[in-house]
Amino acid sequence: MSLKVRLLEDRKSALKNKDTLRKSTITMVRAAILQKEKDERIELDDDGVVGVIAKEVKQRRDSIPEFEKGNRPDLVDQLNTEINILMEYLPRQLTENEVDAMVAQTISEVGAMGMKDMGKVMGALMPKLKGRADGKLVNEIVKKHLQ
């Protein structure tokens, strides 16, 4: 079953179960998928859908500190719940050690010597990790290796 079909089926079951947060979260991510397809005039495959879902997760993670500063624990809880719902549709997330090993391997593959090669490393690495690791974590590990 493709990811788009799974999202549609899960939305239907959320409607039946009156799970409004799950329904709205899935509806928002489906809208983002449809918008990307419309903008780029393409039909997204599962990899493309994973990219959109990962972007939605990142947006929510980036919003949490702002809501914490604004003393809005209700919205922080809601965003955390939405993140957990979206994570169900992403591939298994890599551990820090797994990411570290992939970074080391990629650095040796591209022959990176220092921080000036960071763009080259990130460019080669991110397609391999798409949806399986947080970009911020990957960036920190790459910097640690290149220093």
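It should be emphasised that the depicted structure is a prediction, and the values quoted were computed from it without experimental measurement.
- Atom-to-atom distance recorded for I64:CD1 and I83:CD1 is 4.0 Å, nearest 0.5 angstrom.
- Distance check: D134 CG to I141 CD1 gives 10.0 Å after rounding to the nearest 0.5 Å.
- Under the side chain to side chain contact (heavy atoms under 4.5 Å, CB included) rule, L86 has a single partner from I26, T81, V57, which is V57.
- No side-chain heavy atom of V99 sits under 4.5 Å from any side-chain heavy atom of M102.
- Counting only residues at least two apart or in different chains, salt bridge (Lys or Arg N to Asp or Glu O under 4.0 Å) contacts with residues 122-133 comprise E109-K128.
- Rounded to the nearest 0.5 Å, atoms CD (E40) and CD (Q35) are 10.5 Å apart.
- Salt bridge E140/K143: absent, no basic N to carboxylate O contact under 4.0 Å.
- K58 and D62 are joined by a salt bridge, as a carboxylate oxygen and a charged side-chain nitrogen come within less than 4.0 angstrom of each other.
- Note on E43 versus K4: salt bridge recorded, some NZ/NE/NH1/NH2 to OD/OE distance being below 4.0 Å.
- From M118, atom CE reaches atom CD of Q147 across 9.0 Å, with rounding to the nearest 0.5 Å.
- Ion pairing between R6 and E9 fails under the 4.0 Å rule for side-chain N and carboxylate O.
- Counting only heavy atoms from C-beta outward, the side chains of V29 and I85 never approach each other to under 4.5 Å.
- For the pair Q93 (side chain) and G131 (backbone), a donor-acceptor distance under 3.5 Å is present.
- Of the inter-residue distances, the one linking R72 atom CZ with D77 atom CG reads 11.0 Å to the nearest 0.5 angstrom.
- Once rounded to the nearest 0.5 Å, the distance linking CD of E82 with CG of L21 reads 5.5 Å.
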